[in-house]
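Proteins come first, then strands; the chains are lettered A, B, ... in the order of their sequence lines, and each starts at number 1.
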Protein chains: 2
Amino acid sequence: MTRILVVDDEPQLARGLSVNLSARGYEVDVAGDGRTALELSVAHRPDVVVLDLGLPDMDGADVINGLRAWSEVPIIVLSARGQETDKIAALDSGADDYVTKPFGMGELLARIRAAERRSAPAEETPAVETEAFTVDLTAKRIVREGIEVHLTPTEWSLVEVLVRNPGRLIPQRQLLKEVWGPTYELETNYLRVYMAQIRRKLEPDPSRPRYFITEAGMGYRFEAAGRS
Amino acid sequence: MTRILVVDDEPQLARGLSVNLSARGYEVDVAGDGRTALELSVAHRPDVVVLDLGLPDMDGADVINGLRAWSEVPIIVLSARGQETDKIAALDSGADDYVTKPFGMGELLARIRAAERRSAPAEETPAVETEAFTVDLTAKRIVREGIEVHLTPTEWSLVEVLVRNPGRLIPQRQLLKEVWGPTYELETNYLRVYMAQIRRKLEPDPSRPRYFITEAGMGYRFEAAGRS
DNA sequence: GACGCGCGTCAAGGTTGCGTCAAGGTCCTA
DNA sequence: TAGGACCTTGACGCAACCTTGACGCGCGTC
């Protein structure tokens with residue numbers, strides 16, 4: 001199910017969009033300002049963001065940059081300003097599409113479908129298996145020795161980032177950005193605590209990790225084959 | 001270099017686009033009808049298609065379908081028709097974007113950049129190989145004789161600088177600046193210690209280096225082919 | 001043949017970063 | 001309002017990593 005984040009400071013329009021999108025079967029979040037938008041996108045991981053420019057607290061470009069710092073979610077910008085320079089600015093700061101008000105709901109929906117369609121094939125990894133456990137990315141399930149292992153939401157997003165890039169070293173900063181949001185880049189404590197938690201749940205011998213490997217001073221890596 | 005296919009039956013407009021895009025450093029193909037467009041896209045594999053609707057020989061949707069049958073290249077539709085139903089039809093048949101005429105060249109360029117940016121990350125990992133070991137720069141991983149070799153962060157940055165410039169001699173000062181920072185330009189001790197470490201881990205015979213070559217009094221060089 | 005220079009080698013410290021644990025704190029649900 | 005699940009925070013011990021200095025070797029110079 002596709003989750004959409006609507007960012008708009010006019011309650012009327014936001015509500016209209018929300019109702020329309022919900023009726024089409026989308027899961028909808030609404031944010032009235034930039035800060036809320038960034039927080040919600042960290043918490044709920046929308047598949048598409050519809051961003052109305054002219055928010056009370058932040059510049060449109062800053063919202064886009066805040067998102068792009070850690071996410072590649074498609075961003076569709078709405079704006080009353082039809083000047084070319086505005087469009088260029090928004091698109092070049094990382095937006096995927098720019099729709100000028102007034103616009104038809106049908107068009108917006110079609111553009112959302114287009115964005116959705118593009119990012120869909122990115123989900124190529126249905127399940128990752130190791131000798132010790134199996135991670136089903138789409139179903140969000142982990143099975144170990146026949147029984148299901150329960151992960152908390154934070155643990156899961158951390159595992160997800162690592163498992164989606166098997167063998168690749170992910171820098172601490174990137175992990176923190178993608179899991180906790182761009183303002184937590186330096187809170188390496190979190191990583192330590194949560195990696196321990198994950199290992200306790202998944203590693204055969206948590207004191208000697210085979211799958212979730214630490215690279216001191218750099219980051220962590222998931223080794224599908226298992227190590228040592 | 002990005003290759004763009006412009007599909008337009010008005011020679012004037014096609015030529016204008018072509019000149020503009022070429023001036024921006026794009027490689028441009030031009031097709032005057034749908035059949036040619038499909039042929040050219042098979043032959044030249046463009047990275048972006050700019051498609052003007054209202055071609056003489058084919059319906060716009062058919063061109064889009066013809067492309068989508070085998071390719072996921074971003075398609076930006078140009079059209080004089082601003083009706084919502086037209087936009088929806090084009091987007092739902094597989095177009096990525098829809099621009100209504102008249103439009104500004106700057107906007108079109110920005111939309112092309114956006115499309116380009118989205119499809120970019122499909123690149124492969126640039127791995128540097130020698131006979132003795134393989135360096136994967138993005139995954140930060142080195143494999144030697146089948147087993148992984150562990151490098152510390154400092155060792156990595158040093159290897160990275162050298163391997164990114166194969167065959168080229170890097171002066172000691174530059175290495176020290178890039179790895180330890182500008183205030184360490186004269187600490188050649190570090191280089192000696194770390195080069196030894198790296199050779200011990202990667203060279204088949206560390207006492208007679210084949211890949212990480214010393215140029216006395218000048219600097220170091222990475223030789224991908226191996227020497228002596 | 002003695003000396004200086006540049007490089008390679010080694011190992012002992014000091015420093016930083018990581019794993020671990022447990023005590024609050026917050027939010028949701030019953 | 002009480003309980004549980006989850007997240008945050010800080011302290012501590014240990015391992016990984018970096019720094020530093022001493023020594024040896026080869027080569028060119030005087």
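A distance of 6.0 Å separates OH in A/Tyr220 from CZ in A/Arg199, rounded to the nearest 0.5 Å.
Among the nucleotides D/dG21, C/dC7, C/dT20, the one closest to the side chain of A/Ala196 is C/dT20. Nearest nucleotide to the side chain of A/Gln172, out of D/dG10, C/dC7, C/dC18: C/dC18. With C/dG8, D/dC7, C/dC21 as the candidates, the nucleotide lying closest to the side chain of A/Val193 is C/dC21. The side chain of A/Arg192 approaches C/dG19 more closely than any other nucleotide in the set D/dG21, C/dC10, C/dG19.
Atom CD of A/Glu187 is separated from atom C1' of D/dT8 by 9 Å (rounded to the nearest Å). The nearest whole Å value for the distance from the CH2 atom in A/Trp156 to the C1' atom in D/dC6 is 17 Å. Rounding to whole angstrom units, OH of residue A/Tyr194 and P of C/dC21 are separated by 16 Å. Rounding to whole angstrom units, CZ of residue B/Arg199 and P of C/dT9 are separated by 7 Å. The distance from atom OH of B/Tyr184 to atom C1' of D/dT19 is 9 Å, rounded to the nearest whole Å. Protein atom CE of A/Met195 is 17 Å distant from nucleotide atom C1' of C/dC21, rounded to whole Å. For the pair A/Leu176 CG and D/dC7 P, the computed distance is 15 Å after rounding to whole Å. The OH-P distance, from A/Tyr190 to D/dC6, rounds to 17 Å in whole Å.
Contact check, B/Thr152 against D/dC18: a side-chain N or O comes under 4.0 Å of OP1 or OP2. Close to D/dC6, at under 4.0 Å from its OP1 or OP2, lies a side-chain N or O of A/His150.
Mapping A/Trp180 and B/Thr154 onto DNA chain D via the closest heavy atom, the residue that lands nearer the 5' end is A/Trp180.
Taking all atoms of both residues into account, the shortest heavy-atom contact from B/Pro126 to B/Thr138 is CD-CG2, 3.6 Å.
Note on B/Gln197: nothing from the nucleic acid sits closer than 4.0 angstrom, heavy atoms only.
For the segment residues 203-222 of chain A, the set of residues with a heavy atom within less than 4.0 Å of an atom of DNA chain D comprises A/Ala216, in numerical order.
Side-chain N/O atoms of B/Arg68 and B/Asn65 include no donor and acceptor closer than 3.5 Å.
Considering B/Lys177, B/Glu178, B/Gln172 in turn, B/Glu178 is the only one that fulfils the side chain to side chain donor-acceptor pair (under 3.5 Å) rule with B/Gln174.
In summary, B/Glu160 and B/Lys140 engage in a salt bridge, as defined by a charged side-chain N under 4.0 Å from a carboxylate O. Residues A/Asp96 and A/Arg111 are not paired through a salt bridge, judged by the lack of any N-O separation under 4.0 Å between the basic side chain and the carboxylate.
In this structure, A/Phe133 and A/Tyr211 have perpendicular ring planes: the angle between them is above 60°, well past the 30° mark.
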